[in-house]
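Everything on this sheet refers to the single structure shown next.
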Amino acid sequence: MADYRLILSPVDFSEASEHAFETAVDLAARFKAEVRVIHVYQLPASMLPEGVLEGPGDLEETVRGRLQQQLDAFVERNASSGVNVTTGLCEGVPYVEITRAAQDLGADMIVIGTHGRTGLAHLLLGSVAERVLRTADIPVLSVRER
């Protein structure tokens, strides 16, 4: 049996990620593992003739502060006692940052929510979970929205 010490649980604050986080915590309790919860965000950028210019410097700090509060509240609402849960924020393309975080942290598994979109919605919105599944070097458990 595999030795799971650290489970990565990326969340987007949706119902699907809530169910995935619950699953990650349950698995962590069974394996006596830790859970690292991350949220990946992308700041809007303005296009100018000279190139891309990001918003004011304090915008990123404000966004990060609010997202950290939202992430802490998410964990507090959904975490079970007895499992060590830590949080983190990453800026960038979600599937890239999720797989990078898993590698950097030495995670043993990723537990990610999926909305189960098909057809045109899947084509237009894509699937972060699917891209993580295709690019991760470790096991990925996708948990479908109930």
Side-chain angles (χ1 to χ4, degrees), residues 1-46 52 54-146:
M1 182 184 286
D3 184 25
Y4 297 107
R5 298 172 316 279
L6 179 62
I7 298 171
L8 181 65
S9 179
V11 300
D12 63 2
F13 307 117
S14 67
E15 188 175 331
S17 67
E18 194 169 309
H19 294 305
F21 175 68
E22 292 169 359
T23 301
V25 169
D26 184 49
L27 288 169
R30 292 175 192 221
F31 288 107
K32 296 179 178 39
E34 297 180 24
V35 175
R36 174 72 169 188
V37 182
I38 64 167
H39 175 73
V40 181
Y41 65 96
Q42 289 181 285
L43 288 177
S46 301
V52 176
E54 290 187 18
D58 61 335
L59 173 64
E60 182 175 1
E61 189 176 311
T62 301
V63 168
R64 284 185 68 86
R66 289 184 182 163
L67 285 173
Q68 187 62 56
Q69 289 174 344
Q70 192 174 357
L71 188 56
D72 292 342
F74 177 90
V75 169
E76 190 173 313
R77 272 193 322 271
N78 297 295
S80 297
S81 60
V83 173
N84 184 26
V85 178
T86 58
T87 63
L89 295 171
C90 304
E91 181 185 3
V93 177
Y95 82 93
V96 172
E97 296 305 319
I98 292 166
T99 54
R100 181 178 295 146
Q103 188 173 39
D104 291 349
L105 294 167
D108 301 299
M109 174 189 280
I110 300 170
V111 178
I112 188 168
T114 182
H115 300 282
R117 293 185 184 104
T118 59
L120 185 59
H122 176 73
L123 181 65
L124 294 175
L125 298 174
S127 171
V128 172
E130 182 179 336
R131 289 183 179 131
V132 168
L133 185 64
R134 292 176 191 261
T135 59
D137 294 333
I138 59 174
V140 178
L141 174 63
S142 66
V143 178
R144 189 167 177 168
E145 187 173 48
R146 292 183 204 162

For Leu89, does its backbone N or O pair with a side-chain atom of His39 as donor and acceptor, under 3.5 Å?
no
Spacing of Arg64 atom CZ and Cys90 atom SG [to the nearest 0.5 Å]:
8.0 Å
If you measure from CD1 on Ile112 to OG1 on Thr23, what distance do you get to the nearest 0.5 Å?
12.5 Å
Give me the atom names and distance for the closest heavy-atom approach of Ser127 to Thr114.
OG-OG1, 4.4 Å
Sequence neighbours left out, what passes side-chain contact (heavy atoms from CB on, under 4.5 Å) with Asp26? Give chain and number order.
Arg30
Looking only at heavy atoms, what is the nearest atom pair of Ile98 and Pro10, with distance?
CD1-CB, 3.6 Å
Give the C-alpha distance, both sets of side-chain angles, the deciding distance and a yes or no for side-chain contact (heavy atoms from CB on, under 4.5 Å) between Leu141 and Leu27.
CA-CA 11 Å; Leu141 174 63; Leu27 288 169; 3.8 Å; yes
Minimum heavy-atom separation for Gly92 and Val40, please, with both atom names.
O-CG1, 3.4 Å
Nearest non-hydrogen partners of Ala20 and Gly113, listed with the distance
CB-N, 3.3 Å
Applying side-chain contact (heavy atoms from CB on, under 4.5 Å), name anything that partners Ala102, two or more places apart in sequence or on another chain.
Leu8, Ala107, Ile110, Ile138
Does anything in residues 133-143 form a side-chain hydrogen bond (donor to acceptor under 3.5 Å, both in side chains)? List the pairs, not counting sequence neighbours.
Glu130-Arg134
Identify every side-chain donor-acceptor pair in residues 67-77 under 3.5 Å, counting partners at least two apart or on other chains, and give the distances.
| from | atom 1 | to | atom 2 | distance (Å) |
| --- | --- | --- | --- | --- |
| Gln68 | NE2 | Asp72 | OD1 | 2.9 |
| Gln68 | NE2 | Thr87 | OG1 | 3.0 |

Any donor and acceptor pair, going by atom type alone, linking the side chain of Asp108 with main-chain N or O of Arg5 inside 3.5 Å?
yes
Any residue meeting salt bridge (charged side-chain N to carboxylate O under 4.0 Å, His left out) with Arg100, in chain and number order, not counting sequence neighbours
Glu97
Please list, chain by chain and in numerical order, all residues satisfying salt bridge (charged side-chain N to carboxylate O under 4.0 Å, His left out) with Glu18, sequence neighbours excluded.
none
If you look at every heavy atom in Val35 and Ala24, which pair is closest and at what distance?
CG2-O, 3.8 Å
Show the nearest heavy-atom pair for residues Ala28 and Ile7, with the distance to one decimal.
N-CD1, 3.7 Å
Going from CZ on Phe31 to CG on Leu6, what distance comes out if it is rounded to the nearest 0.5 angstrom?
13.5 Å
